[in-house]
Asker: 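Just dropping this structure here.
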Amino acid sequence: MRAFQWPRQARASKQEKIQAPSYYGMWDAVARFAAEIRASDFMAEMIRCRDAFGSEGVMGAIDCATLYGLTRWARPTAIVESGGYIGMSSAFILKALADEKLATAKLYSIELSPECDQGALIPDELRSTSAGFVPMRGKVEDFLKRDQLPSSIDMFLHDSSHSYQHMLWEFRQFWPRLRDGGLLVSHDVQMNAVFPEFVAKTYSHDKKTGRRDAQRTSHHEWGRWGYIGFAVKKATR
């Protein structure tokens with residue numbers, strides 16, 4: 001993970017008052033990485049391949065760029081994605097891992113449909129096991145029951161069924177597996193209210209002031225860009 005950027009600590013009555021980490025640097029970095037990939041030949045080629053294959057149900061350019069930017073900022077080494085489909089999102093995650101030179105990183109990409117040509121859009125140089133791509137065919141719940149997914153991960157991307165109940169179930173399953181600073185990412189958060197509702201439940205508030213209780217709130221930061229929602233996990237004591 002990239003180091004958090006701490007603001008200067010203010011002194012009061014000869015005691016240092018420790019402030020929460022600033023995430024302005026995160027937003028700047030993600031925006032910069034997203035802009036770089038939007039202007040790249042890689043993006044142009046991926047859009048060309050996507051449109052030739054058929055773009056229905058496939059992540060768009062803005063969301064792909066956001067996902068790439070988040071992945072480069074977080075520098076995850078263990079990633080799980082549900083609904084890998086033909087690999088548009090997988091390709092941008094793998095490209096970010098390659099650009100960050102994370103040679104040992106693994107992307108566990110789960111796709112339910114037996115008819116789907118899983119990972120078809122992923123360029124050959126990013127599709128191999130040595131590049132970190134681990135395709136898995138079946139139900140997320142079955143892989144969890146059989147303990148075939150890492151118990152501790154740095155990033156989870158939801159992009160399977162976008163029903164309220166299924167999204168909530170996946171968030172609840174993978175949020176506890178995220179390490180401190182890990183990313184919960186969801187595509188198509190506009191489909192229902194589950195993502196902001198889930199994030200709202202990670203807040204804790206001071207009863208007197210009504211302000212966020214930084215010690216007991218279980219996220220560092222969260223937000224939405226395009227149809228991508230994300231939350232940065234914070235381990236609470």
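One is the number of the first residue; the rest follow in order along the sequence.
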Asker: Does Arg72 pair with Glu100 as a salt bridge, N-O distance under 4.0 Å?
Answerer: yes
Asker: Just verifying a value: how many Å separate Tyr108 OH and Phe143 CZ, rounded to the nearest 0.5 Å?
Answerer: 12.5 Å
Asker: What I'd like to find out is whether the side chain of Trp225 reaches to under 4.5 Å of the side chain of Leu70, using heavy atoms alone.
Answerer: no
Asker: Please confirm whether the backbone N or O of Ala214 pairs with a side-chain atom of Thr217, one donor and one acceptor, at under 3.5 Å?
Answerer: no
Asker: Distance only, no hydrogens: is a donor on one side chain within 3.5 Å (strictly under) of an acceptor on the other, for Asp188 and His162?
Answerer: yes
Asker: Please check this pair: side chain of Glu81 against backbone of Leu157, looking for a donor-acceptor N/O pair closer than 3.5 Å.
Answerer: no
Asker: Taking all heavy atoms of Ser152 and all of Arg179, pick out the closest pair and write down the distance.
Answerer: OG-NE, 2.8 Å
Asker: Any donor and acceptor pair, going by atom type alone, linking the side chain of Lys233 with main-chain N or O of Trp175 inside 3.5 Å?
Answerer: yes
Asker: Quick one: which of Leu184, Val185, Ile79 gives a side chain to side chain contact (heavy atoms under 4.5 Å, CB included) with Phe156?
Answerer: Leu184
Asker: Identify the heavy atoms of Val80 and Pro150 that sit nearest to each other, and give their distance.
Answerer: CG2-CD, 4.3 Å
Asker: In residues 166-174, what donor-acceptor pairs under 3.5 Å come from side-chain atoms, sequence neighbours left out?
Answerer:
residue : atom : partner : partner atom : Å
His166  : NE2  : Ser160  : OG           : 3.2
His166  : NE2  : Glu170  : OE2          : 2.9
Glu170  : OE1  : Ser82   : OG           : 2.8
Glu170  : OE1  : His158  : ND1          : 2.6
Glu170  : OE2  : Ser82   : OG           : 3.3
Glu170  : OE2  : Ser160  : OG           : 3.0

Asker: Between the main-chain N or O of Glu111 and the side-chain N or O of Arg137, is there a donor-acceptor pair closer than 3.5 Å?
Answerer: no
Asker: When you measure from the side chain of Asp154 to the backbone of Gly182, do you find a donor-acceptor pair of N or O atoms at a distance under 3.5 Å?
Answerer: no
Asker: Does the side chain of Leu94 come within less than 4.5 Å of Leu107's, by heavy atoms?
Answerer: yes
Asker: If you compare all heavy atoms of Arg50 against all heavy atoms of Gly60, which two are closest, and at what distance to 0.1 Å?
Answerer: NH1-CA, 3.5 Å
Asker: With the side chain counted from C-beta on, respond yes when Pro123 and Phe42 share a heavy-atom pair under 4.5 Å apart, and no when they do not.
Answerer: yes
Asker: Just list the side-chain donor-acceptor pairs under 3.5 Å for residues 113-120, sequence neighbours left out, or say none.
Answerer:
residue : atom : partner : partner atom : Å
Ser113  : OG   : Glu115  : N            : 3.2
Ser113  : OG   : Glu115  : OE1          : 3.3
Ser113  : OG   : Cys116  : N            : 3.4
Gln118  : NE2  : Ser109  : O            : 2.9

Asker: Checking Asp159 against Ser89: is there a side-chain donor and acceptor pair closer than 3.5 Å?
Answerer: no
Asker: Look up atom OH in Tyr85 and atom OG in Ser90, then write down how far apart they are to the nearest 0.5 Å.
Answerer: 12.5 Å
Asker: Mind checking what makes salt bridge (Lys or Arg N to Asp or Glu O under 4.0 Å) contact with Asp99, not counting sequence neighbours?
Answerer: Lys95
Asker: Verify the distance criterion only: is there a donor paired with an acceptor across the side chains of Tyr23 and Trp222 at less than 3.5 Å?
Answerer: no
